[in-house]
Structures are given as C-alpha cells and as structure tokens.
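Presented below is the structure to which this report refers.
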Number of protein chains: 2
Amino acid sequence: MDWSTERILVTIYDVANKAGVGMKTVSRVLNDEAHVRPAMRARVLQAIEELGYRPNLAARQLAANRSFLISFIMNDVTSSYQTSMLVAASAECRRRNYHLVVEIMEPDESATGLVERVMANLRPDGIMLVPPLSNDADLIQAIANRGTKLVRVAATLQGYGHVVPVRDTEVSQKLVAHLLASGKKRIALIAPPYAKAAAHERVTGYKLALAAAELPLESDYIVQGDFTFASGKSATERLLGLPQPPDAIFAANDAMALGAMAVLQQRGIGIPEDMAVAGFDDSPGSRTVYPPLTTVRQPISGMARDAIAKLLGGPVDQEPLVPELIIRGSTQVGFVETVIAQDK
Amino acid sequence: MDWSTERILVTIYDVANKAGVGMKTVSRVLNDEAHVRPAMRARVLQAIEELGYRPNLAARQLAANRSFLISFIMNDVTSSYQTSMLVAASAECRRRNYHLVVEIMEPDESATGLVERVMANLRPDGIMLVPPLSNDADLIQAIANRGTKLVRVAATLQGYGHVVPVRDTEVSQKLVAHLLASGKKRIALIAPPYAKAAAHERVTGYKLALAAAELPLESDYIVQGDFTFASGKSATERLLGLPQPPDAIFAANDAMALGAMAVLQQRGIGIPEDMAVAGFDDSPGSRTVYPPLTTVRQPISGMARDAIAKLLGGPVDQEPLVPELIIRGSTQVGFVETVIAQDK
DNA sequence: ATGAAAGCGCTAACAG
DNA sequence: CTGTTAGCGCTTTCAT
C-alpha cells in the first residue's frame, strides 16, 4: 500500500496558463496584493475555481520564508481556560488562512528547550501564550532571544510581546459584594499563589469589596492556594479550624472552589446556607457539581480574537473585554442561574 | 519592528562542506537511510552538531512531498478523553520527528468540508480520529476518498483505516460485579446512545455481570442517555420515579454519572448508602466531585502509541491494552482509592 | 557507498 | 499594472 500523498495536480503555473496571465499575477491575487485590475483578478479567480487549484503550503513557506503558522503553547490540557482559548484562537486563525498548532510543554521541560524545539521545527510566525505561561519569565526571555513575534493573554508581567489584558478586579469586587448582599458576613479568600500575578486582580477586588462595606480585612481569612483541587481542600480545612470560621469562601479559581465544596460536603456543612462558595473560570466542573458553582466567565473568544489580531495585524476590540459574574446555587438558595455583565 | 523570521543561517550545504562530503550524504544521515559508512556518518553528525544545523521543514516537505504532519481531529475540547489522547499522541509524534496538529471540527461543519479544509492546507501524512469521530461514517468516507492514511481509536465501525480496539466488556462486567459484591441488588444502567457503537461493550459487560449473578435483566433499569450531564440527570429522575427504584446506577460515561449524582444530592439521597453511582472515563470531574466517582480508566498512552505506530509504522503493543477499574467513594463507604487492573 | 544535477511549487526582485 | 528570472533548502534520480 502506498501511503505517500500524490503530487499536487494543479499548480500556479497551470492557473496562469489557463487565465492567460503570468505566474506573478496569480500569486498577487492569492496574496491579496494591490495593483491588480479587477478584471484580471476575476479572470484569475475563475481559473482557480475551474481548475480546483489549492496552493501548496510548503512551497509558499519556503519561498516566502513565512510559515503561516501560530504556535499555541499550553501546559495543561485539562484546563478549560486553556482549551477554550485554544478553540477560539484556532477559529480566528482559520479565518485568516493561518493555522494554529498546539505545543504542549512537558512538566519537566525547560523554557529554552521548548522554544528551541518549537522554533527549530515548525518555525511559527508567532507564538501565543496563555496563563500561567504568559507570565513565565524564562519562556518569555527565550522567545525574545529568538525575536519571534509573541502575544501574551492575561499577562501582568512586563516584558517582551503584545499583551491582551484582563480586568478581573471589578468583577471580583462584584462577586464579593453579592456574597455580602446575600447576608454573609465573614468572607474568606483562597488566594492564588504569589507567582500567578495574573490572578491578583481577584485579590484586589476582594479587598475593595470589603473596604466598600467597611468590613475589616481578617488576615486569617486569607489562605493561599496553588490553583489545585487539593490546595482548595486543605485551605478549607484550615478555615474550618478557625475559632470563628467564615460563612462564605471565594476561591480564586474553580478547581480550588471545588476542593472547598468537597470538604464541606464531606463534613455535612450546607452549601450555601452554612457556607457559600464561589470560584472563578466557569469551568465545566462548576456546572456539573451540586449545587452548581457561582463563578466568573472570561470573554474568551474576544480575547483570542484580539490576541491573533495583535500577532497578525488587524483591528483590535475597542471596547474593553469584560468578564461576567455567573450566580448559581453555591451562593444562592433556590437558585436560578443569573448572568451579570460587568459594566464596560 | 521587523517580525519576519530570518533566513536560516546554516543549510545542508554548509554541513556538507564542513564535513567534506556531498549533500546527498548529509541527507542520507538525516533520514536514517542505509548505505552510509559509520565513519562518514559520525563526521556528518559532528558537523551538524558544531554548526547547530536544523533542517528546514518546509523545504523537506516540498522536496519529499510529505508533510511530516499528523492531523488529530477532535470535536470536543472539553472531553478529557479526547484531550488526554491528544497529549499522548503528540508526545509520540515528537519522538518520531513528526508533528501533531489539532483540527477542531465545528458543530455545523460537514465531513467533506472538514476533510477538504484539512487536506487542502496542511496536507497531513495521516489522520487520527478518536470517539465519537472514529465511528463517523461520513468522515471516514471523505478521508477514504482522498486516500489519506487513517487510524481510528476505539472504533467499532468497519471500514477504511487502521483501528486501535478497545476492550470495555470485561472491565464493565467487573464494575457491575463490584456493585453486586458490595451488597447492591438492583443495578440500573444509563446506556450510551445507539449511535455510539464504541460504548456498547459497556452494555454487554453490564448484561454479562447480571447473568453471571443469575439476576434478571429489568428493562426498566436500562435508560438511554446521550453522554451529556443533562441526560444523566433526566435518566436518574426517571429511575427514581420507578415503583421500585434501583440501589445502584452504572452510567456509561462520567458526565452522565455526574448528572446522576447531582440529582441524588439535590434530593438528599445518600451516596453510596442509598444509591451507589459509577461512571466510565476517569474524567477530572470524577476526581473532584464528592464523593469521588468510581469509574474506569482507559490505557490512553498505550492506545495513542499504537495509533501513531499504525500510521507511521513500527512495533505495536503485543499485549492487548486493558482498562482499569478505579473504585472510589461513590460505590464504597469509607473508601480508599483502589485500582484494579483487568486481567490481560 | 557516494556525488552531481535537476527540480518540488511558490514568491521576491527586478524589469518593463 | 504585469511579466521574467532566480532562487528558497531539501530530496530525488542517476551516475560513478
């Protein structure tokens, strides 16, 4: 059995012949270059259509010295944040006749090793990074050294590359205000690790909400997690061990919030009556847990669109992209899902 | 700012010069071809090393008329089954100096449209399909029409392409036997949709276990779902409405099992005392829900390795790959996680 | 076992 | 505005 792909049947040369023009004219049409008369353009397009011509990517890459590829580097394929971003970015690339190729950073892989591997092989025209990698100094440096175009989503770290910002402060503040409004008085925070600078707006929002309600900041109520389910569990154990435990927990991501819920359910503590729980990310798990988890949904598609636009050129959203607060049963008795869009 | 990638600095020509051999010899070394004397080979390798030479993929593609690319087509990036397979396959490709590129099938996209899109652009040397796409007749036909090499994981549908089989019957039987052994007497099944042929071994296992225990097959206890959380919920509502409800539920995947758990928790039915629940897939949600869900873990890496081996050549696992039963708290009081490997 | 020459299909640079 | 001419970096004949 011969598995080799057949040689391409129709080339740019055939198209040029059929249309009765030079090769370069066809090439110009293909690449949307200026200086082609409409009539000529139409003739070429028709020839392309009739012949069923499809450009050969490898040949274009070689001649133009561009790959028409964007590398999307991720380190956790189970992260719904990363995978949703991947899908959205992939759709956006397709729209521009580009291709998104996924690179997975192995747990023990070095930043330079990864960049070397990616650049040596596919030679992408650009690289897209999402949290936590978008704030990884080593990785950013390795990419900067190569001079490859870069876009970093939800990055707070200053440095090389374009940045697609997040605005988590307001929505976090709104979330904590919702907790207070529903009668909770002692709100704990399972904070992100110090290293995850991207998520610190969530801490800021928490503090602002307490300040606005003229409530003191209890340092015992702020426990640091590391974004894992397990860390959410242990943080909650610790909060429950306090002389005066909180009556609500705001976790900086959903995984930790789910950990909190598991501990509460194990101990028979009622959610949300005895303890309300809220997360951040609108992960699939937040919808399937019982009671469903109150959380925050990022404007994923918009962010991905902006990211690709910054890499490839083109208009970027003017309105700042804002996250939505999703209120569900883990903070509201007799819940009906409510989506609260943040003010622009 | 100039973002264009610089021209490659060192070519095969430079290597040949440095090693004092012809270009073809270098090429032969790179492609692991026969008929190269060890001494010559070493000389070439050293030159490559010293020069830091990296072959240009686009040039190789163009000249050899192969892409060194495998397309991995998925339709649901939130499916842990699909993403785990993706990671494993990606690692396996890397080992062989191939690249795995992810294609996402849009919900409204036609099979022929997708295949056209994928083949016209990247021209992969092979395509890898996982469930449910690995049993999609239209898609398989469209690929067959192109003659592109194909491997289908967990496929039951006969047809074009290599198949990496699953063996879910035995482990399903073992799972139901575990339910019976723990004292449950009325085991319900939330079955996969008829269309998902791949999952019907799970139904077979269920039936075999009941038969082995000389228990009758109650048709009321078999409710069909569609693999979604919502269908797990409605199936469970129905089971609870029965005059004599079951005391255990085996759902054909984790999403439906989570739906079952949500309904039970909402009604205050104890898990596992009043109702045991088991799923299938070992999804992230199965580990974070409370109580943790008893489920089945597929030998994902082995399957991915075999899939790529079937596409690219090379040894395939001789021992059949078998799934493992993971016993957790949703079926066992006072649980300690237990992994039971199926007999080979 | 190794080398020389001829492209792969396309675009860049230059003419016209 | 359009055509001509050279390659891009590699692999493939086909000699030797």
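Side chains included, hydrogens not; waters and symmetry mates left out as well; all remaining heavy atoms used. Numbered from 1 within each chain, the chains take letters A, B, ... in sequence-line order.
The separation between N65(A) atom CG and dG9(C) atom P is 20 Å, rounded to whole Å. One atom, CZ of R60(A), and another, P of dG9(D), lie 18 Å apart when rounded to the nearest Å. What separates CG of N17(B) from P of dG9(D) is a distance of 14 Å, to the nearest Å. A straight line from CG of D14(A) to P of dG9(C) spans 9 Å, rounded to a whole angstrom. One can place CZ of F68(A) at 18 Å from P of dC8(D), the figure rounded to the nearest angstrom. Spacing between atom CD1 of I12(A) and atom P of dG3(D) amounts to 12 Å, rounded to whole angstrom units. Atom CD1 in I48(A) sits about 16 Å away from atom P in dG9(C), given to the nearest Å. Protein atom CG of N121(A) is 16 Å distant from nucleotide atom P of dG9(D), rounded to whole Å.
Comparing dG9(D), dG3(D), dT12(D) by their nearest atom to the side chain of A63(B) picks out dG9(D). For S27(B), counting side-chain heavy atoms from C-beta on, the closest listed nucleotide (dT11(C), dG9(D), dT12(D)) is dT12(D). The listed nucleotides are dC10(C), dC8(C), dC8(D); the one nearest the side chain of L62(A) is dC8(D). Closest approach to the A64(A) side chain among dG9(C), dT11(D), dA12(C) is made by dA12(C) (side chain taken as heavy atoms from C-beta onward). Side-chain proximity of A59(A) to dC10(D), dG9(C), dT11(D): nearest is dG9(C).
Of the charged side-chain nitrogens involved, at least one lies within less than 4.0 Å of a carboxylate oxygen, so that R94(A) and E106(B) count as a salt-bridged pair.
One finds no side-chain N or O of Y13(A) lying less than 4.0 angstrom from the OP1 or OP2 phosphate oxygen of dT4(D). Contact annotation: T25(A) reaches the phosphate of dG3(D) (side-chain N/O to OP1 or OP2, under 4.0 Å).
Looking at every heavy atom in both residues, L69(B) comes nearest to L122(B) through CD2-O, 3.9 Å.
Residue pairs satisfying the salt bridge (charged side-chain N to carboxylate O under 4.0 Å, His left out) criterion with at least one member in residues 35-47 of chain B, sequence neighbours excluded, are listed as follows: D32(B)-R41(B).
Here the side chain of R60(B) pairs no donor or acceptor atom with the backbone of R66(B) at under 3.5 angstrom.
When each of L57(A) and R37(B) is assigned the nucleotide of DNA chain C with its nearest heavy atom, R37(B) is the one assigned upstream, toward the 5' end. Each of R28(B) and A58(A) was assigned the nucleotide of DNA chain C with the nearest heavy atom; the assignment lying further toward the 5' end belongs to R28(B).
Tested against V153(A) for a side chain to side chain contact (heavy atoms under 4.5 Å, CB included), the candidates H162(A), Q82(A), M128(A) yield a single pass: M128(A).
Side-chain to base pairing of R54(A) with dG9(C): no donor and acceptor N or O lie closer than 3.5 Å to each other.
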